[in-house]
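Indexing begins at 1, ligand by ligand and atom by atom, following the structure's order. Just so you know, these numbers come straight off a predicted model, no measurement behind them. Positions are given from 1 along the sequence.
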Amino acid sequence: MPESTSRPRVTVPDVIARKNHHLPLTMITAYDATFAKIVDESGVDMILVGDSVGSVVQGVANTIPVTLEEMEYHVRLVARANPRALIIGDLPFGSYQVNTEQAVRSAIRLVKAGAAAVKLEGGVTMQDAIAAISRVDIPVMGHIGLTPQSYHRMGGHRVQGRAEGRDPGGKERLLEDAHSVEQAGAFAVVIEGVPRELAREITQKISIPTIGIGAGPDCDGQVLVLHDILGLSPNNLKFTRKYANVRELSIQACSEFVHEVRARQWPDDDHSFH
Ligand code: KIV
């Protein structure tokens with residue numbers, strides 16, 4: 001059942017208040033106005049203009065090549081849909097790691113394009129960037145665990161937090177990452193690709209909402225990539241779920257068009273001008 005578009009706008013304080021709430025938070029990605037409108041009608045709490053745009057729209061193997069200019073463009077498209085959901089703009093690789101000034105400048109660009117908040121990847125090492133961006137009143141969502149921008153360090157998209165220890169990706173390090181993100185002033189944090197027991201422990205130990213993907217059911221909320229929900233990709237990843245098979249429906253619809261044109265059934269006289 002579509003949610004009314006007259007529902008109240010979701011704000012950052014609304015999200016913060018949903019920590020330990022009986023109603024889990026929901027976040028879905030979108031990259032353009034058409035899909036942002038569709039996603040918003042579902043009643044979702046947050047729309048993430050994710051750098052996953054690289055893999056699901058641009059056809060690149062990981063998120064590393066995505067640029068700040070591209071993210072600005074996609075945030076602008078989503079903002080034009082005027083969703084009631086909170087728009088989070090993802091800071092791409094290379095737009096915030098150099099120093100805090102770069103991080104603040106990049107965050108400002110996404111907010112000017114229409115985001116209400118930004119997301120960035122990393123824990124302990126990104127504490128200064130999160131604090132600097134938060135100081136200029138731009139809310140920051142952290143992202144720890146399987147951080148796709150760390151593709152080369154991880155050796156691919158690999159589940160994190162299985163090994164003990166304080167090295168990047170180790171269990172104790174992930175707990176430190178979560179505390180760092182919280183202490184730096186993030187209003188929420190995505191936990192991606194970690195054992196559910198660890199995601200539960202982090203969720204219990206920090207005061208900000210955790211949004212899981214591939215992190216089990218015990219987080220304060222869940223996020224999925226729109227193209228996975230719709231079944232637009234041929235992949236079957238363990239941590240995603242196809243709620244529809246739009247890829248198959250799309251191939252069917254396009255094939256029917258091709259067939260009807262070739263059979264001279266389309267366009268018919270009813271769809272012609274006289
Ligand atoms: O870019 C993205 O879509 C993300 C989500 C998978 C959390 O970071």
Peer 1: May I have the N/O to N/O pairs between ligand 1 and the protein that fall below 3.5 Å, each with atom names and distance to one decimal?
Peer 2:
unit_1, atom_1, unit_2, atom_2, d
ligand 1, 1 (O), Asp51, N, 3.2
ligand 1, 1 (O), Asp51, OD1, 3.0
ligand 1, 1 (O), Ser52, N, 3.0
ligand 1, 1 (O), Ser52, OG, 3.3
ligand 1, 1 (O), Asp90, OD2, 3.2
ligand 1, 3 (O), Ser52, OG, 2.5
ligand 1, 8 (O), Lys119, NZ, 3.0

Peer 1: Taking everything shown except Phe239 itself, do over 12 heavy atoms lie less than 6.0 Å from its CZ?
Peer 2: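 Buried by this count: over 12 neighbours within 6.0 Å.
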
Peer 1: Mind telling me whether Tyr151 and His157 have parallel, tilted or perpendicular rings, with 30° and 60° as the class edges?
Peer 2: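 Judged by the thresholds at 30° and 60°, the geometry between His157 and Tyr151 is perpendicular.
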
Peer 1: Return yes when atom CZ of Arg262 has more than 12 non-hydrogen atoms of other residues, nucleotides or ligands closer than 6.0 Å, and no otherwise.
Peer 2: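 Open: at most 12 neighbouring heavy atoms sit under 6.0 Å from CZ of Arg262.
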
Peer 1: Got a donor-acceptor contact below 3.5 angstrom from the Arg158 side chain to the Gly155 backbone?
Peer 2: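 Here the side-chain-to-backbone pair exists.
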
Peer 1: A quick test of your reading: do over 12 heavy atoms of other residues, nucleotides or ligands sit less than 6.0 Å from CZ of Arg9?
Peer 2: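 For Arg9, atom CZ is crowded (more than 12 foreign heavy atoms under 6.0 Å).
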
Peer 1: What residue among Ile144, Ile211, Val140 forms side-chain contact (heavy atoms from CB on, under 4.5 Å) with Val189?
Peer 2: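 Result for side-chain contact (heavy atoms from CB on, under 4.5 Å) with Val189: Ile144.
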
